[in-house]
Number of protein chains: 2
Amino acid sequence: MSFPETFKALADPVRREILIMLKQGKMSAGEIGQAFDMTGATISYHLSQLKKAKLVIESKQKNFVYYELNASVFEEIVLWLAQFGGNNNEK
Amino acid sequence: MSFPETFKALADPVRREILIMLKQGKMSAGEIGQAFDMTGATISYHLSQLKKAKLVIESKQKNFVYYELNASVFEEIVLWLAQFGGNNNEK
DNA sequence: ATTCTATTTAGACTTTATTCTAAATAGATG
DNA sequence: CATCTATTTAGAATAAAGTCTAAATAGAAT
């Protein structure tokens, strides 16, 4: 895993919104794009950043490209952040 | 807390390195700067970004400005990330 | 009060990111 | 195979981030 890539990917609000959408499950690039007022090319760019950071996994079916969360990478980020004391689970 | 600010702050490798240094405890801007091959002005810029994101807290003493980690904000980020399944603690 | 030390601010420059339009690809359908 | 649909790639334009030098601030020391 590469933290530079991962944090840069998480730094953009559009990409964070995409990740939240993907909690519902697998979605195609087109479906994702409909939620934003941007061209498909731009969405494709953001998806490529998320993919590069391994935050999402892609799969192809017919002429659709589906994206889904890659939970394991999130765990690694959580572990990295925990070193700063974010793991004190007192209220 | 503002996630845009926070993730943007974490996206830069210099700033992540500063945070790791601060695990050792409070350090002055000058001490932090010595660890990097950059001008004090640039370090000051990075510290301001970390401060804006509330990842660090500053305090003044004599003519030194000290920085230290703000653990509570890290916890909030961990919680945000946990929604993506980063909390499955199986090996 | 003048000077010294530590840090920040201002402004310019450079690099990196984001976005668009237009063209390219790739697979599906008629 | 010609065309349609979904997505990506290329290239240009704009915007944002990072870095520097020089100047400003603020407090400490003489």
Side-chain angles (χ1 to χ4, degrees), chain A residues 2-22 24-70 73 77, chain B residues 2-22 24-70 73 77:
Chain A
S2 149
F3 285 114
E5 300 278 308
T6 309
F7 281 111
K8 264 181 19 197
L10 286 169
D12 184 88
V14 171
R15 292 193 289 262
R16 285 198 304 277
E17 188 58 34
I18 291 174
L19 293 173
I20 289 171
M21 288 169 56
L22 290 179
Q24 304 301 122
K26 208 174 274 202
M27 290 177 77
S28 72
E31 287 176 299
I32 294 166
Q34 285 173 348
F36 297 92
D37 187 19
M38 309 179 134
T39 65
T42 298
I43 295 300
S44 183
Y45 162 74
H46 284 300
L47 289 171
S48 76
Q49 299 303 106
L50 288 170
K51 197 168 54 177
K52 205 164 65 167
K54 300 216 177 61
L55 290 165
V56 300
I57 298 168
E58 82 173 23
S59 53
K60 300 180 188 188
Q61 224 178 104
K62 297 184 58 179
N63 44 354
F64 296 87
V65 180
Y66 288 93
Y67 290 91
E68 64 188 306
L69 293 179
N70 180 16
V73 172
I77 311 166
Chain B
S2 147
F3 285 114
E5 300 279 306
T6 309
F7 281 111
K8 262 178 21 195
L10 286 169
D12 185 88
V14 171
R15 292 192 291 260
R16 285 198 303 276
E17 188 58 34
I18 292 173
L19 293 173
I20 288 171
M21 289 168 57
L22 291 179
Q24 305 300 123
K26 209 174 273 202
M27 291 177 77
S28 72
E31 288 176 298
I32 294 166
Q34 285 173 348
F36 297 92
D37 187 20
M38 308 180 136
T39 65
T42 298
I43 295 299
S44 183
Y45 162 74
H46 284 300
L47 290 170
S48 77
Q49 298 304 106
L50 288 170
K51 198 170 53 175
K52 206 164 63 167
K54 301 214 177 62
L55 289 166
V56 300
I57 298 168
E58 83 172 23
S59 54
K60 300 179 188 190
Q61 224 178 104
K62 300 182 55 179
N63 44 355
F64 296 87
V65 179
Y66 289 93
Y67 289 91
E68 64 187 305
L69 292 179
N70 180 15
V73 171
I77 312 166

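As the structure is a prediction and not an experimental result, all values here were calculated from the model. Residue numbering restarts at 1 for every chain, and letters A, B, ... go by the order of the sequence lines.
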Participant: Does the side chain of A:H46 reach to within under 4.5 Å of the side chain of A:D12, using non-hydrogen atoms?
Facilitator: yes
Participant: Rounded to the Å, how far apart are A:M27 CE and D:dT7 P?
Facilitator: 11 Å
Participant: With a non-hydrogen cut-off below 4.0 angstrom, is A:G30 in contact with a base, only sugar-phosphate, or nothing?
Facilitator: sugar-phosphate
Participant: Find the distance A:L50:CG to C:dA17:C1' and express it as a whole number of Å.
Facilitator: 14 Å
Participant: Check this one for me: any side-chain N or O of A:S28 less than 4.0 Å away from OP1 or OP2 of D:dT7?
Facilitator: yes
Participant: Taking only N and O in the side chain of A:K62, is any of them less than 4.0 Å away from OP1 or OP2 of C:dT29?
Facilitator: yes
Participant: Which of these nucleotides, C:dA6, C:dT9, D:dA6, is closest to any side-chain atom of B:F64?
Facilitator: C:dA6
Participant: Of all residues at least two apart in sequence or in a different chain, which pass the side chain to side chain donor-acceptor pair (under 3.5 Å) check with B:S48?
Facilitator: none
Participant: Rounded to whole Å, please give me the gap between CD in A:Q61 and C1' in C:dA28.
Facilitator: 13 Å
Participant: Is the closest side-chain heavy-atom distance between A:I77 and A:L55 below 4.5 Å?
Facilitator: yes
Participant: Does the side chain of B:F36 come within less than 4.5 Å of B:E17's, by heavy atoms?
Facilitator: yes
Participant: What does the list of N/O pairs under 3.5 Å between the protein and nucleotides 16-20 of chain D look like, with a distance for each?
Facilitator:
from	atom 1	to	atom 2	distance (Å)
D:dA17	OP1	B:K8	NZ	3.1
D:dG18	OP1	B:D12	OD1	3.3
D:dG18	OP1	B:R15	NH2	3.2
D:dG18	OP2	B:R15	NH1	3.1
D:dG18	OP2	B:Y45	OH	2.7
D:dT19	OP2	B:H46	NE2	2.4
D:dC20	OP2	B:T39	N	3.1
D:dC20	OP2	B:T39	OG1	3.4
D:dC20	OP2	B:T42	OG1	2.8

Participant: Checking side-chain contact (heavy atoms from CB on, under 4.5 Å) between A:T39 and each of A:I43, A:D37, A:T42, which is the one that passes?
Facilitator: A:T42
Participant: To the nearest angstrom, how far is A:L47 atom CG from C:dT18 atom P?
Facilitator: 13 Å
Participant: Touch check for B:F36, heavy atoms < 4.0 angstrom, all strands: base, sugar-phosphate only, or nothing?
Facilitator: nothing
Participant: So do A:L10 and B:L10 actually touch side chain to side chain, heavy atoms under 4.5 Å?
Facilitator: no
Participant: Between the base of D:dT7 and the side chain of A:N63, is one N or O donor paired with an acceptor at under 3.5 angstrom?
Facilitator: no
Participant: How many Å lie between NZ on B:K60 and C1' on C:dA6, as a whole number?
Facilitator: 11 Å
Participant: Do A:P4 and B:R16 have side chains that get closer than 4.5 Å, going by heavy atoms?
Facilitator: yes
Participant: Using a cut-off of 4.0 Å on non-hydrogen atoms, how would the nucleic acid contact of A:Y67 be classed: base, sugar-phosphate, or nothing?
Facilitator: sugar-phosphate
Participant: Starting at atom OH of A:Y66, determine the distance to atom C1' of D:dA6, rounded to an integer number of angstrom.
Facilitator: 10 Å
Participant: Please give, in whole Å, the distance from C:dT5 C1' to B:E31 CD?
Facilitator: 14 Å
